[in-house]
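Report on one structure; see the data block that follows.
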Amino acid sequence: MPHPVYVPCVNINDDIVLIVDVTVSAGDTVKAGDMIAEVETDKAVIPVEAEQDGYVLKILCDVEERVKVGAVMMWIGDSPDEQVPEPASKNPDEVSSRTNSQLPTAKARALLDKHKLDVVQIPHQGERLTARDIEAFIAGQGGTAGGVTAAQVDSPQSFEEQLPGTPGSLRSLSAEEQGMVSTVIWHRDHAVAAYLEMAYDQQAWNDYAAAFAERHKFMLSPLLPLMAYRLVKLARDRPGINTTLVNGQKYLYDQVNLGFTVQVGETLYLTVVQQADAMDDRQFIDALGEVQRHAMAKKLRPEESKDATLGFSSMARWNVSRHVPVLAPYTALMVAHSAPQKGGQSAVLGASYDHRILSGHDVANVLQALTQPPEVQ
Amino acid sequence: MEKSEIKTKIRGKLAELAGEIGNDASQIQDDDIIPATGLVDSAGILGLVVWYENAFDMSLKQEEINIDNLGSIESMAEYVLKRKGG
């Protein structure tokens, strides 16, 4: 079986290296550990070694050529007469394009390494071998390879991506940015996210909130907190929406921790009111107000931004008329409040939900109940 | 700190927050009820309260954040003096 030798990554800031030497020729025998080439960046020259015994079948790079990290630079076979996979392009000027059809994506390469697979084993139809091709291959082999499931290695930490070709610089993520990355990746990797929405007339809610504000002499409109509290009460009565899926089993939370999105400058927080189901409406509004003030002052306590079991998001402030929120990790439902259409009270109430747990029927029933304030049900 | 100075600071912050959503707060009167003017939205009022706590170095309980105490520039200034014992 032909084994590709990839152009190594010498430095994380360099995605192009210079071939300074190729010490073997097609037909040569090599042993694992033999130096077969040298590559150079601005900072270092490093040898490229054969990873297994075999025969050099084909060399795809030339001395003094600049090649992309991750491209196939040569093929080594177990026997001298093995067929090398045909490249898609014959462009003689660039190794990466000459080998494009066999060049795996960065994520795919990480999976190949993890599962100890060879690129030639994996059938693929696209221009490049992708992680999805490998996952499909693994699934066809019984779901595992190398003792690790695809899901276990398909995380942001499990592979190294190539840097873009355009000049730029790296910086670490802030805690808030890292939180958003984790949230979005959970949504991508675990939830089977779906979305639906329902049109409604916001007038009843506006009237309800205005009366509530007047009664309590509020500075801030309690509209969104009251809607969020309505969702909390619905979750208390319908525990199925306050649920997640863990290792194939349904996990029903014993309390409702309401996650509520707050934008502070350029930072998006999912603030959390813990045990919101144990509060009455006024207590909830005060608790949410306090959490929001902490977020505004960038003084959120740890418990005020973790362990949401249910979510509520609004982009009405920016006159967004529809948005599809990302589910917070280990939640099954995030309600999306949007701005009314111009010149009226007609608006849409949407929801992202984990379709592994909730059906559209479940969510539609929740939204239907949420379109009206409690006293006019 | 003089009441007039406090009001000037509050007015300045209010103008800044109103400007963020495209509103001009230059004509607001000291006794105007801020939420009723529509010059700032809920997030803006929240930002005003957080700034107010920081600018005048006092921590508010949630129940203190109401129209009586913070509803207008005048009442906000008076509340600073009251809390500071002035």
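Note that the coordinates shown come from a computational prediction; the quantities given were computed from them, not determined experimentally. Chain naming here is simple, since letters A, B, ... match the order of the sequence lines and numbering starts at 1 in each. Values below: all heavy atoms of this structure, side chains included; hydrogens, waters and symmetry mates excluded.
The neighbour count for A:Tyr195 OH, taken as heavy atoms of other residues, nucleotides or ligands under 6.0 Å away, is above 12. Residue B:Asp68 qualifies as enclosed at atom CG: its count of foreign heavy atoms under 6.0 Å is above 12. Other residues, nucleotides and ligands place no more than 12 heavy atoms under 6.0 Å from the NZ atom of A:Lys217. Atom CG of A:Asp237 has more than 12 neighbouring heavy atoms from other residues, nucleotides or ligands inside a 6.0 Å radius.
To the nearest 0.5 Å, atoms CG (A:Leu220) and CG (B:Asn66) are separated by 11.5 Å. Atom-to-atom distance recorded for B:Asn54:CG and A:Met296:CE is 13.5 Å, nearest 0.5 angstrom. Taken to the nearest 0.5 Å, the CG atom of B:Leu70 stands 13.0 Å off from the CZ atom of A:Phe218.
Contact check for B:Lys61 versus A:Glu290: no side-chain heavy atoms found under the 4.5 Å cut-off. Taking the side chain as every heavy atom from C-beta outward, A:Arg293 and B:Ile65 approach each other to under 4.5 Å.
With a threshold of 4.5 angstrom between heavy atoms, B:Ile21 approaches chain A through side-chain atoms but not through N, CA, C or O.
Note on B:Leu46, B:Ile45, B:Leu60: by heavy-atom pairs under 4.5 Å with chain A, the leading option is B:Leu46. When the candidates A:His294, A:Met219, A:His216 are compared by the number of heavy-atom contacts under 4.5 Å with chain B, A:Met219 comes out ahead.
Looking at every heavy atom in both residues, A:Gly289 comes nearest to B:Gln62 through C-OE1, 3.6 Å. Of all heavy-atom pairs spanning A:Ser221 and B:Ser42, the tightest one is N-OG, 3.4 Å.
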